[in-house]
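For reference, the structure discussed in these notes is given below.
In this text, all values refer to a predicted model and were calculated from it rather than measured experimentally.
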Amino acid sequence: MTEAIEPVAQAATFFFHPSIAYLAVGLILVLPWKWEWRHWRWLLLVPPAIAIYSVVRMSFGGNAECMASLHYLGQTLNFGRVDKLAIIFAHVFAIQSLIGFIYAFHVRERAQHVAAMLYVAGGFGCVFAGDFLTLFVFWELMSVGSTLLIWLRRNPKATAAGFRYFMFHIFGGLFLLAGLLLRYKALNTFAFTAIDPASAQYYDYLILLGFCVNAAVIPLHAWLPDAYPEASITGAVFMSAFTTKTAVYVLARGFAGFEILAVMGVVMALWGVAYATIENNARRILSYHIVSQVGYMVAGIGIGTAMTVDGACAHAYAHILYKGLLFMGAGCLLYATGTAKLTELGGLVKKLPWVMLCYMVAAVSISGLPLFNGFVSKNITINGAAEAHRTWLALGMEIAAVGTFLSVGIKLPYFAFWSKSSNPIEVKPIPANMYVAMGIAAFLCFFTGVYPEYLYRLLPFEIDYAPYTPWKVLQASLLLGFTGLGFYLCRKVIVPKAKLNLDFDYLYRLVGRAFLWLVSRPVAIIDSVWSEVYKTVGLRLLLFMGLATSVFDVKGIDTVVDGAAYSTKFVGDGAARGQTGRLQDYLAAAILIGLAIFAAFWFLK
């Protein structure tokens with residue numbers, strides 16, 4: 001029997017699930033109300049405001065294993081696990097959702113806002129989930145909402161990319177589902193708790209594989225640069241913040257200290273920047289940098305010390321802010337010019353100066369320039385790796401930082417804003433709300449950079465890290481300075497080219513072609529041979545069996561059935577003729593029957 005969600009009493013702790021607000025407004029927008037756009041759009045700001053209030057109130061309380069639960073079909077679903085790990089992700093999710101809905105304030109299509117509401121609700125649900133069943137429900141809700149954000153761009157490329165994206169996430173969801181069910185069979189619990197790497201079982205690795213799909217771990221990452229550039233302008237801003245960072249959260253929650261994550265995280269960091277450097281589409285460049293920056297977080301979780309996990313959480317917080325701002329800047333380019341390809345852009349610094357300024361704030365943030373949030377977050381993980389004597393991992397992340405500044409901090413803005421365009425570009429006016437959203441995000445990138453204690457207080461573990469030491473500032477400045485010099489010297493070599501660079505999707509295409517060849521060649525030959533065998537042997541056998549069945553039906557079944565029918569008819573006719581209606585006939589019949597019985601008895605005796 002289903003029971004209502006009831007808060008669990010705990011002193012000085014407040015809990016209201018933010019997902020309720022997003023789902024409620026999403027439902028209101030779905031209903032056929034005859035409201036004008038200028039009126040209902042203000043509803044978009046209500047859920048983020050409630051979420052911010054709720055999360056801030058929660059942050060003043062203590063930890064709680066279960067603040068809200070639902071008993072259903074013999075299971076207790078935990079919707080409200082509140083601790084510092086959940087709070088830091090919920091905190092930035094709430095802020096980014098407000099920025100995202102401000103950025104989308106001009107969009108008149110309700111469907112886009114409904115999809116975003118579902119998507120954000122799913123993210124919050126995953127953060128506060130205390131068991132795998134609850135996590136799985138909200139995990140799949142995120143997949144549905146994000147797929148809709150891609151499809152709602154409403155063009156053939158977006159439709160195809162959305163299908164590929166959804167299929168990939170179904171693949172990951174099935175691994176997650178299989179793992180949690182097998183884990184329940186083995187342990188008789190759905191509780192979502194930390195897993196010890198030394199005692200991890202096969203079902204734990206199935207769950208890990210499902211999480212790694214959403215985290216875009218190499219080689220399960222190709223869906224991200226394939227789908228994000230095809231999403232709607234505002235949809236991509238939401239998607240840059242939630243899917244991979246929710247995966248980072250669940251990895252930090254359950255799989256800290258897994259060595260495979262440490263190694264693959266650094267591979268992600270290097271792989272992402274390598275492909276971003278050669279890309280042409282601005283949103284595809286930024287998509288590859290999601291892979292790269294999430295790599296820092298995955299590596300920190302894999303190393304598993306308190307400092308590196310703190311670094312992963314801090315960098316996730318900073319990344320959501322600056323990556324959202326980067327996608328907002330690229331979205332403005334797409335909105336104003338109709339394209340995000342660098343080969344078709346250029347000379348926009350005078351036409352879109354505020355877009356350029358906000359974009360550059362995000363660009364220097366992701367690059368780790370002092371005074372911006374990437375500097376105070378990224379280096380925690382790198383220094384933590386060095387302190388844990390993981391020198392090669394720390395070096396790999398430092399090298400990736402060079403590629404980040406080269407591609408996002410210099411190449412993209414240079415060819416979009418400062419290089420000369422081969423053709424005149426007409427620019428469409430950008431709505432004021434998009435500038436407001438970018439301004440808020442830019443301020444937060446700067447604020448958390450100059451006041452890192454605001455961010456460090458939210459971290460799950462106590463941290464003793466001073467980002468602004470002379471050596472760290474000098475090191476970052478030298479790294480970025482020499483990267484800039486390298487770009488200047490090679491600016492004519494790394495000119496973007498109008499082509500699509502295939503990643504692991506090349507492997508997927510090979511697999512697809514191999515399957516097509518298998519179907520069209522060997523399987524087709526087998527099918528042809530089987531068809532001939534069927535015609536010569538199978539068909540004749542079936543005809544013989546049909547003839548035998550017909551004979552059996554006529555000689556066997558019909559004989560028995562018809563004989564019984566004829567016998568019944570004969571007895572019935574005789575009985576009918578015996579019914580004369582005269583008493584003397586019945587008396588005579590009775591006497592004859594009696595004499596017959598007496599005679600039979602006499603002779604048998």
Side-chain angles (χ1 to χ4, degrees), residues 150 153 155-158 160-161 164-165 216 221-233 235-237 239-240 270-293 323 326-349 351-352 355-356 359-360 362-363 366-367 400 402-427 483-484 486-506 508-509:
I150 301 169
R153 193 178 177 189
N155 64 41
K157 286 186 177 181
R164 292 191 294 270
Y165 174 92
H221 68 292
W223 57 268
L224 198 157
D226 176 51
Y228 281 26
E230 304 304 332
S232 64
I233 291 175
V237 174
M239 293 175 70
S240 69
L270 295 169
W271 189 280
V273 296
Y275 267 88
T277 304
I278 61 175
E279 283 296 336
N280 178 44
N281 186 299
R283 297 208 297 178
R284 193 167 167 89
I285 292 173
L286 300 180
S287 297
Y288 270 113
H289 272 289
I290 293 179
V291 176
S292 177
Q293 297 299 302
K323 183 59 69 173
L326 288 168
F327 267 90
M328 284 189 278
C332 285
L333 293 176
L334 182 58
Y335 182 92
T337 66
T339 183
K341 296 179 180 179
L342 299 184
T343 51
E344 300 174 10
L345 296 172
L348 295 175
V349 63
K351 297 180 179 180
L352 299 172
V355 174
M356 182 275 297
Y359 175 87
M360 288 309 302
I366 191 175
S367 302
V402 174
T404 300
F405 185 53
L406 178 65
S407 55
V408 176
I410 305 178
K411 175 185 173 181
L412 195 158
Y414 175 80
F415 288 106
F417 295 107
W418 286 290
S419 67
K420 294 181 180 180
S421 174
S422 56
N423 299 309
I425 301 174
E426 295 184 6
V427 175
T483 303
F487 173 81
Y488 177 78
L489 297 175
C490 302
R491 66 188 184 279
K492 295 183 180 180
V493 177
I494 59 173
V495 174
K497 297 176 176 58
K499 65 176 183 177
L500 177 65
N501 299 300
L502 294 179
D503 190 353
F504 262 86
D505 42 2
Y506 178 75
Y508 305 153
R509 295 185 184 198

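Atom CG of N281 and atom CD of E230 lie 7.5 Å apart (nearest 0.5 Å). Between the NZ atom of K351 and the CD1 atom of I425 there is a distance of 6.0 Å, given to the nearest 0.5 Å. Interatomic distance, CG of L412 versus CG of N280, reported as 9.5 Å (0.5 Å rounding). Rounded to the nearest 0.5 angstrom, I150 CD1 and S232 OG are separated by 9.0 Å. If you take OH on Y335 and CE on M328, they are separated by 16.0 Å, rounding to the nearest 0.5 Å. In this structure, I410 CD1 and T404 OG1 are separated by 11.0 Å, a value rounded to the nearest 0.5 Å.
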**Request:** Walk me through it: do T337 and L348 pass the test side chain to side chain contact (heavy atoms under 4.5 Å, CB included)?
**Result:** CA-CA 10 Å; T337 66; L348 295 175; 4.1 Å; yes
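G409 and A363 get closest at one heavy-atom pair: CA-CB, 3.8 Å. Summarising the geometry of A416 relative to L333, their closest heavy-atom pair is CB-CD1, 4.1 Å, with the distance given to 0.1 Å. Closest non-hydrogen pair, L286 versus A330, comes out as CD1-CB, 3.8 Å. Taking every heavy atom of both residues into account, A158 and R153 meet most closely at CB-CB, 3.9 Å. Contact between A400 and V273 at its shortest, heavy atoms only, is O-CG1, 3.4 Å. P413 and W418 make their closest contact through O-CE3, 3.3 Å (heavy atoms, listed as atom of the first residue, atom of the second, distance).
Applying the salt bridge (charged side-chain N to carboxylate O under 4.0 Å, His left out) rule to pairs touching residues 272-286 yields E279-R284, sequence neighbours excluded.
The side-chain heavy atoms of Y359 and L352, taken from C-beta on, include no pair separated by under 4.5 Å.
A donor-acceptor pair is defined here as one N or O able to donate and one able to accept, closer than 3.5 Å; such a pair exists between the side chain of Y228 and the backbone of M239. A donor-acceptor pair under 3.5 Å is absent between the side-chain atoms of K323 and the main chain of I366, judged by distance alone. The main-chain N or O of T277 is found under 3.5 Å from a side-chain atom of K411 such that the two form a donor-acceptor pair.
Partners of Y275 under the ring-ring contact (aromatic ring centres under 6.0 Å, His included) rule, at least two apart in sequence or in another chain, are W271, Y288. Judged as a ring-ring contact (aromatic ring centres under 6.0 Å, His included), and not counting sequence neighbours, the contacts of Y165 are H169, W223.
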